[in-house]
Amino acid sequence: MTALELKQMRRKLQELESRLQGDIRHLTVEMGTDPDVTGSSNNLPVKNREELASQSYGEDVTVGLLEFEIPELEEIRAAYDRIDHGTYGRCEDCNGHIPVKRLLVVPFAKRCVSCARNAESQNAASMSRSLTT
């Protein structure tokens, strides 16, 4: 990978990192819900119970988004390390080159497409086995 391509990838990673950090900040602010909304809702009017249910659903969605974005941010930071150590653009499984086209789409990719598919298949099979036992 050329120095210019590495510079381009670092820039893409920085843009993605900045967007994710903003999203995470926004989501964590959303999580700062009204502390008076604790306890039983049985004594509340129906309208208030509906609002609480809606708020609870919103919090679940927010937590789900955070559970997705925080690991992605960690992957971006790991990609910076790979750039710094000269291993960026190499598959961690087969040590082959990760095509620049793939890195333009997923700049923190650590596997080539073939190895990523194999890893996903193994994860899916493992999850399937754990669900049946």
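Note that the coordinates shown come from a computational prediction; the quantities given were computed from them, not determined experimentally.
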**OP:** Give a yes or no answer on whether the side chain of Y88 reaches the backbone of P107 with a donor-acceptor pair at less than 3.5 Å.
**Re:** yes
Subject >> Pairwise distance CG(L73) to CG(D23) - rounded to 0.5 angstrom >> reply: 10.5 Å
**OP:** State, with a plain yes or no, whether a side-chain heavy atom of E72 is found less than 4.5 Å away from one of L16.
**Re:** yes
**OP:** Quick one: pull up CD1 in I76 and CD in Q21 and give me the separation to the nearest 0.5 Å.
**Re:** 8.5 Å
**OP:** Scan I98, V100, I83 and name whichever one has a side chain to side chain contact (heavy atoms under 4.5 Å, CB included) with M1.
**Re:** V100
Original post:
Below 4.0 angstrom, N of the basic side chain to O of the carboxylate: do R77 and E17 qualify?
Top reply: yes
Original post:
Can you tell me how far NZ of K110 sits from OG1 of T87, rounded to the nearest 0.5 angstrom?
Top reply: 12.0 Å
Original post:
In terms of hydrophobic clustering (I, L, V, M, F, W, Y; side-chain heavy atoms under 4.5 Å; direct or indirect links), are L104 and L6 co-clustered?
Top reply: yes
Original post:
What heavy-atom pair brings N95 and R90 nearest, and what distance separates the two atoms?
Top reply: O-NH1, 3.1 Å
Original post:
Atom SG in C112, atom CD in E92: separation rounded to 0.5 Å?
Top reply: 10.5 Å
**OP:** Drop me the distance from L4's CG to M9's CE, to the nearest 0.5 angstrom.
**Re:** 9.5 Å
**OP:** Report yes or no: does R102 contribute a side-chain atom to a donor-acceptor pair with the main-chain N or O of G89 at less than 3.5 Å?
**Re:** no
**OP:** Please answer whether the main-chain N or O of Q122 pairs with a side-chain N or O of S126 as donor and acceptor at a distance below 3.5 Å.
**Re:** no
**OP:** Might you point out which heavy atoms bring Y80 and R10 nearest each other, and give the distance in Å?
**Re:** CD2-NH1, 3.7 Å
Original post:
So, does H26 use its side chain to make a donor-acceptor pair with the main chain of G22 at under 3.5 Å?
Top reply: no
**OP:** Supply the atom-to-atom distance L103 CG to Q8 CD, rounded to the nearest 0.5 angstrom.
**Re:** 10.0 Å
Subject >> Atom CZ of R117 with >12 non-hydrogen neighbours under 6.0 angstrom >> reply: no
